[in-house]
Amino acid sequence: MAANMAMGSLHLSPIPSFSARITHLSCQNPHPTSLPRLCHSKKQTLVRPLCRISCTSTRPRRKSVPKSDNSEAHELVGLILRNFTDKKPIVGTLEKYVRVLRSEHCYLLFEELGKTDKWLQCLEVFRWMQKQRWYIADTGVYSKLISVMGRKGQTRMAMWLFSEMRNSGYRPDTCVYNALITAQLHSRDKAKALEKALGYFKKMKGIERCLPNIVTYNILLRAFAQARDVNQVNNLFKDLDESIITPDTFTFNGVMDAYGKNGMIKEMESVLSRMRRSSQIKPDVITFNLLIDVYGKKQEFEKMEQVFKSLLRSKEKPTLPTFHSMIINYGKGRQREKAESVFTMMTDMGYSPSYITYESLIMMYGLCDCVSSAREILDGMIASRKEVKVSSLNVMLDVYCMNRLPAEAHQLFERASSFGIHPDSSTYKLLYKAYTKANMKELLNKLLKQMDQDGIIPNKRFFLDALGALGTAKIGPDTELRRSLKVANT
């Protein structure tokens, strides 16, 4: 149990002047801009000491090392991806580099094409690959392709690849079945997918070259935990205990994460107890982070603090996501001072804030009705002369909208380009929903016109979300919104 992870509760004492803690952050700006620290709701103003904010990268500096074969392979794959379009088939581009392309390059192409929903091109690469002299057929190629198809929801294509592999005379192994199970679990019909996955699992047990490994168990345990099937999870754990396979941290973390996201705290804690009873497996930083996040979202701050204290006493070290989760969840509980104390502790421990840290602070202040303090964080990021990501703009816009300040949100949106921030489709989607719910017809029309000027073409999901917002709004049928939805539908 999380309560047993540490003795006592961790007390995060409030800091009188939170803004002073940000002053020490490195800016690398010869002329930093100092900003007044404000913390007030829409009706109240409180001036605090001066501060400045910087955006410091948390990535370690790269050491200058000779380029490896792996980096050269990535460069070649990147070159191929940049040199083909919808009008220019990828096979033609592959032929240009036929003398240097090998299997490892094709594997990388599968991954990159899969990330951009170009799964049909994956099949084209596969067909081209089969025609090359250096091609040696093995189950690894099929396993990779089945995995890519599964992630993109192309279950039928994954099954077709599995059938073709068998028809071509190749026998599947454990990796192929693991990929096939994963592909099935991406199906929309989850109940049927779980049934099929369990069938493959039982079939694997009867084939010596396909015996389940720990990856198989991890996939199934997490899937059934996500489906809230506690009995099946327990059966799989029992089966695992009776086998010669040893569980790893992924085994327990996957199940605890799934239970936690489903709000099944008792079941999550039961798995944690099982993990602690193991003599070989110890909680890692991922374990601590997921527990902190789950307890924080459930507003069980005492347990969250106990887990954090256990983390500090362990051999593991907190990561930035550890602090981000606590800041956001304290914000949801409207405990601003505790959230500020977490940031103070983070900087005292030598951690450099990332842009996500500042976004967490912006959201926290928004949740605590300190809108001006949230805006001051964004202004400080802009003044630091570092690149400000569009996600940071979106967080501030979201804060304005959740505090019923759509006019201020639109004003910031219109000024964004002057700050060097270029809104993307996610920005428009956020404002579209907010203006619709707030019945702001004038702002909605302005937004639609700006979308047209910027060449933003909304997809199906954009309008489905807008329809959801429309259900709670009182907008007449003659508005620009309904007309745009009608155009999108046709």
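Any value given below was found using the heavy atoms of this structure, including those in side chains, with hydrogens, waters and symmetry copies removed.
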Chemist: Hey, does the side chain of Y351 reach the backbone of P318 with a donor-acceptor pair shorter than 3.5 angstrom?
Modeler: yes
Chemist: Counting only heavy atoms not in F419 (residues, nucleotides, ligands), do more than 12 fall under 6.0 Å from its CZ?
Modeler: yes
Chemist: Atom NZ of K192 and atom OG1 of T155: how far apart are they, to the nearest 0.5 Å?
Modeler: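 The NZ atom of K192 sits 10.5 Å away from the OG1 atom of T155.
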Chemist: Grab the two heavy atoms, one from K317 and one from V285, that are nearest each other, plus how far apart they are.
Modeler: O-CG2, 3.3 Å
Chemist: Do you know the tightest heavy-atom contact between G296 and M304?
Modeler: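 In this case the closest contact between G296 and M304 is CA-SD, 3.6 Å.
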Chemist: Can you name the nearest heavy-atom pair linking V233 to A225, along with the distance?
Modeler: CG2-N, 3.5 Å
Chemist: Would the number of heavy atoms belonging to other residues, nucleotides or ligands and lying under 6.0 Å from NZ of K152 be above 12?
Modeler: yes
Chemist: Decide yes or no for H422 and D454: does some side-chain heavy atom of the first lie under 4.5 Å from some side-chain heavy atom of the second?
Modeler: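 Result no, sub-4.5 Å side-chain heavy-atom pair not found.
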Chemist: Using side-chain contact (heavy atoms from CB on, under 4.5 Å), reason through T322 and T319 one step at a time and then give a plain yes or no.
Modeler: CA-CA 5 Å; T322 312; T319 60; 3.3 Å; yes
Chemist: Let me confirm one number: the OH-CD distance from Y365 to E340, rounded to the nearest 0.5 Å.
Modeler: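 Between atom OH of Y365 and atom CD of E340 there are 3.5 Å.
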Chemist: Just how far is it from atom CD of Q306 to atom CD of E300, taken to the nearest 0.5 Å?
Modeler: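 One gets 10.5 Å once the value is rounded to the nearest 0.5 Å.
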Chemist: Any sub-3.5 Å donor-acceptor pair from N262's side-chain atoms to Q226's backbone N or O?
Modeler: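 Yes.
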Chemist: What are the two closest non-hydrogen atoms of E359 and S391, and how far apart are they?
Modeler: OE2-OG, 2.6 Å
Chemist: Identify the heavy atoms of A179 and S147 that sit nearest to each other, and give their distance.
Modeler: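 Closest pair (atom of A179, atom of S147, distance): CB-N, 4.2 Å.
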Chemist: Aromatic ring centroids of Y428 and F413 under 6.0 Å?
Modeler: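 Yes - the distance between ring centres of Y428 and F413 falls below the 6.0 Å cut-off.
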Chemist: With a cut-off of 6.0 Å (strictly less than), are more than 12 heavy atoms of other residues, nucleotides or ligands near CD of E414?
Modeler: yes
Chemist: What's the verdict on side-chain contact (heavy atoms from CB on, under 4.5 Å) for K441 and N439, showing C-alpha distance, side-chain angles and the deciding distance?
Modeler: CA-CA 6 Å; K441 301 179 183 180; N439 194 16; 3.7 Å; yes
Chemist: Are H324 and S354 packed together at the side-chain level, in the sense that at least one heavy-atom pair is separated by less than 4.5 angstrom?
Modeler: yes
Chemist: Atom CG in L145, atom OH in Y107: separation rounded to 0.5 Å?
Modeler: 9.0 Å
Chemist: Looking only at the side chains, is there a donor atom on one of T427 and D424 sitting less than 3.5 Å from an acceptor on the other?
Modeler: yes
Chemist: Backbone N or O of G366 within a donor-acceptor pair of the N403 side chain at under 3.5 Å?
Modeler: yes
Chemist: With side-chain contact (heavy atoms from CB on, under 4.5 Å) as the criterion, how do K446 and E442 come out once you've worked through the C-alpha distance, each side chain's angles and the decisive distance to 0.1 Å?
Modeler: CA-CA 6 Å; K446 287 182 179 180; E442 184 179 350; 3.8 Å; yes
Chemist: Which residue is it: V395, L397, I362, L361? I am looking for the one with a side chain to side chain contact (heavy atoms under 4.5 Å, CB included) to L378.
Modeler: I362
Chemist: Using the rule given for side-chain contact (heavy atoms from CB on, under 4.5 Å), can you reason through C370 versus R336, listing the C-alpha separation, both sets of side-chain angles and the distance that settles it, and then say yes or no?
Modeler: CA-CA 9 Å; C370 296; R336 178 179 58 82; 3.6 Å; yes
Chemist: For atom CD of Q411, is the number of surrounding heavy atoms from other residues, nucleotides or ligands below 6.0 Å larger than 12?
Modeler: no
Chemist: Is there a side-chain contact between N253 and D284, using heavy atoms and a 4.5 Å cut-off?
Modeler: yes
Chemist: With heavy-atom distances below 4.5 Å as the criterion, would you say the side chains of C401 and K437 are in contact?
Modeler: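 No - every pair of side-chain heavy atoms lies 4.5 Å or more apart.
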Chemist: Side chains of S270 and Y259: does their closest heavy-atom pair fall under 4.5 Å?
Modeler: no
Chemist: Going from CG on L291 to NZ on K303, what distance comes out if it is rounded to the nearest 0.5 angstrom?
Modeler: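 Reported value, rounded in 0.5 Å steps: 10.5 Å.
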Chemist: Do the non-hydrogen side-chain atoms of V125 and F110 ever get within less than 4.5 Å of each other?
Modeler: yes
Chemist: Should the heavy atoms of other residues, nucleotides or ligands under 6.0 Å from NZ of K190 be counted, would the total exceed 12?
Modeler: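 Result for NZ/K190: enclosed.
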Chemist: Just wondering, do M402 and L367 contact through their side chains at under 4.5 Å, heavy atoms?
Modeler: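 In short, these two side chains touch, coming nearer than 4.5 Å.
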Chemist: Pick from Y400, Y435, Y432: which one makes a ring-ring contact (aromatic ring centres under 6.0 Å, His included) with H410?
Modeler: Y435
Chemist: Is T249 close to I286 at the side-chain level, that is, under 4.5 Å between some pair of heavy atoms?
Modeler: no
Chemist: Return the minimal non-hydrogen interatomic distance between M256 and M275, and the atom names on each side.
Modeler: CE-SD, 3.8 Å
Chemist: If I take atom CE from residue M326 and atom NZ from residue K338, how far apart are they, to the nearest 0.5 angstrom?
Modeler: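 One gets 9.0 Å once the value is rounded to the nearest 0.5 Å.
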